[in-house]
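Just follow the structure's listing: the first ligand is 1, and inside any ligand the first atom is 1. As the structure is a prediction and not an experimental result, all values here were calculated from the model.
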Amino acid sequence: MTSTIVIGAGMAGLACARHLADAGETVIVLDKGRGLGGRLATRRTEHGPFDHGAQYVTARDAGFAAWLDRAAMAGSAAPWAQLGVERTWWVGAPGMSKLVAPLADGLDVRRSCRVEQVRREGEGWAIACEGGENLKADQLAVAIPAPQAKALLSGVTPLADGLDAVRYAPCWTLMLSLAEPLDQAPRLYRASDGPCAWIACNTTKPGRSGGGENWVIQAGPGWSQTHLEETSDTVTALLQGAFESWAGALPDIRLSQVHRWRYARVLKALEAPCLWDGEAGIGLAGDWCLGPRVEAAYLSGRALAERILET
Ligand SMILES: Cc1cc2nc3c(=O)[nH]c(=O)nc-3n(C[C@H](O)[C@H](O)[C@H](O)COP(=O)(O)OP(=O)(O)OC[C@H]3O[C@@H](n4cnc5c(N)ncnc54)[C@H](O)[C@@H]3O)c2cc1C
């Protein structure tokens, strides 16, 4: 039996860690965030939750579909009823971040632990975290966005050289809580770009009901790129204005917050399930290996775990 440190507790990192742990390996997962799930994110506010990252999940792969069924049986996933969609839209219950709860169950996951440096030490790996904590393991699995992996691993492993090919689009997201329901507006709207490329009434997702209505508005890739370095106040005003033009006069606004995702959706993926150097015992996984979807992150994490177990 060997030990593995997984950096990143998003879908890819946790899928990898779960598979290793189920095979009897010793695993520690480290994440810089306070919660789990990475871009499967839920912001909790006094006016209820907002899914401000991934909006829903679909399954094409039979293994991922089976996993979603198990997550639904465990109460952490539920279908979000939408008419006319080809595949079921799954959401975390009662927030998107909950989707990863069954993967993390029973694992040694250390939050608020930002990995600042990794280096080869003897036959294994030494990991230094912000705040001074040092850890060692036989193998290292890095499951963070490609640009962040590049920064961490340049000069450490030749695997980092392949990461330059990956491209992401950013996404500005507005979270808006209204005191009254917006009866006149559709509950869902999609466009290819612009300030309102995605508009959804978050309150219509299972388990999110409460007083008033919470809305999530996501700007498209071009608009987000153009406004990437604007202040939060400026972007809040622009997105709120665009939403009002779409919805009509708004009732009282109880909360209005924006979040900037610098690495939101993969534009150009590596098109390999994962990267693995069996000699050195280091590998990488993430949505950026296969495509811009939660399912891709899951499949990549599993693929890396399988490579580690084969070795
Ligand atoms: C706004 C938005 C909307 C989206 N909509 C959808 C959608 O509707 N459907 C869909 O399928 N996908 C959607 N996606 C994409 C989906 O969220 C991602 O593909 C998927 O969640 C990526 O998972 P991951 O594990 O690869 O990476 P992440 O979720 O980014 O996880 C990486 C983790 O690594 C941690 N980390 C990073 N650096 C360090 C470090 N140095 N030390 C420790 N920890 C570190 C981070 O905190 C994070 O938790 C959306 C994404 C965004 C942002």
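For Gln218, no nitrogen or oxygen atom sits less than 3.5 Å from a nitrogen or oxygen atom of ligand 1, counting backbone and side chain alike. Considering both main-chain and side-chain atoms, Val57 never comes within under 3.5 Å of ligand 1 through any nitrogen or oxygen pair. Here's the thing with His52: none of its N/O atoms is less than 3.5 angstrom from an N/O atom of ligand 1. Considering both main-chain and side-chain atoms, Arg265 comes within under 3.5 Å of ligand 1 through a nitrogen or oxygen pair.
Here Arg262 pairs with Glu229 in a salt bridge; the nearest charged N to carboxylate O distance falls below 4.0 Å.
Heavy-atom proximity to atom 42 (N) of ligand 1, evaluated over Val6, Val115, Val294, Leu14, is greatest for Val115. Taking all heavy atoms of Ala59, Gly291, Ala143 into account, the minimum distance to atom 32 (C) of ligand 1 is reached by Ala143. Selection from Ile144, Asp287, Val216, Val29 by nearest heavy atom to atom 36 (N) of ligand 1 gives Ile144. Considering each of Leu99, Asp31, Leu40, the one bringing a non-hydrogen atom nearest atom 33 (C) of ligand 1 is Asp31.
Annotation: salt bridge (Lys or Arg N to Asp or Glu O under 4.0 Å) contacts of Asp22 (sequence neighbours excluded): Arg18.
Ring geometry for Tyr56 against Trp89 counts as parallel: the plane angle stays under 30°, on a 0 to 90° scale with 60° as the upper cut.
In summary, the atoms of ligand 1 found under 4.0 Å from a heavy atom of Gln148, numbered by their order in the structure, are 37 (C), 38 (N).
The shortest heavy-atom distance from Leu152 to ligand 1 is not under 4.0 Å. Heavy-atom separations between Cys129 and ligand 1 are all 4.0 Å or longer. Under the 4.0 angstrom criterion for non-hydrogen atoms, Ser300 is not in contact with ligand 1.
Each of Arg265, Arg39, Lys268 was compared with Asp287 under the salt bridge (Lys or Arg N to Asp or Glu O under 4.0 Å) criterion, and only Arg39 meets it.
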